[in-house]
Amino acid sequence: MTPIPEPAPVPTPGATATPGPAAVPFGTLKIRVSALVYCGDEVALIRRDRPGSVHFSTPGGNVEPGEDLRDALARELREELGLDIAQAEGGELVWTVDQRVSRPGPTPPPRKLHLIHRLRVTPAVRAGLATEEYDELPDGGHETGHVVWIDHRETGRLPVFPPIGPHLAHLGPFSTVGDAALPAVTDATYRWV
């Protein structure tokens, strides 16, 4: 005779679940696409003014699940700059940056791979681009970023994230790129602001 299996235990009302494994810092990988958008020797950056600090970033954002990388770049540039990439030249991948930086807050930081492209626009296209960019915040509000055009040679002194300023200072709109892998950004090399 075949034994009858025991029924599965029924959870007791009000009992707490056994906690799962603790979240691991850098245990998830996110991909961020962005672009150095040049008009002549000037490059578009997003300036964020926060209490006690200012920082700059390249226009772009995270790739959505299942999204093609080129489609993600086109979407992000449309959202942040109002740029249709069909109006730009180039689009080549120039740098990758591996980010493993701790940050404030309760959520473990993800590992993020930044894929940075280069595009060139004409003054006529630039004139039609956005001057502000709005990031949605977790509370449903928005943070305003200002689109600024800065001579790329002046970016070495700026707090750019990922920290590409010194590299960008030497990368013109048509410069040849050697090794696309920039140094990793880790807690040993960067402090979150």
With sequence neighbours excluded, residues passing side chain to side chain contact (heavy atoms under 4.5 Å, CB included) with [X]:
X: His170; answer: none
X: Ala181; answer: Thr96, Asp179
X: Pro110; answer: Thr28, Lys30, Arg103

All salt bridge (charged side-chain N to carboxylate O under 4.0 Å, His left out) counterparts of [X], not counting sequence neighbours:
X: Glu79; result: Arg75
X: Asp98; result: Arg100, Arg111
X: Arg153; result: Asp41, Asp151
X: Arg47; result: Asp49

Practice prompt. Return the set of residues passing side chain to side chain donor-acceptor pair (under 3.5 Å) with Glu132 (not counting sequence neighbours), or none when no residue passes.
Written response: Tyr134
Item to complete: Identify, with sequence neighbours excluded, every residue that meets side chain to side chain donor-acceptor pair (under 3.5 Å) alongside Glu143.
Response: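 Arg50.
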Fill in: salt bridge (Lys or Arg N to Asp or Glu O under 4.0 Å) contacts in which one or both residues fall within residues 80-89, not counting sequence neighbours
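For residues 80-89, and leaving out neighbouring residues, the salt bridge (Lys or Arg N to Asp or Glu O under 4.0 Å) pairs sorted by first residue read Glu89-Arg120.
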Worksheet item: Sequence neighbours excluded, which residues qualify as ring-ring contact (aromatic ring centres under 6.0 Å, His included) partners of His152?
Response: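 Tyr38.
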Worksheet item: When clusters are formed from ILVMFWY side-chain contacts under 4.5 Å, directly or step by step, what else is grouped with Leu81?
Response: Leu29, Ile31, Val33, Val37, Ile46, Val63, Leu69, Leu73, Leu77, Leu83, Ile85, Leu93, Leu113, Leu115, Leu119, Val121, Val125, Leu129, Val147, Trp149
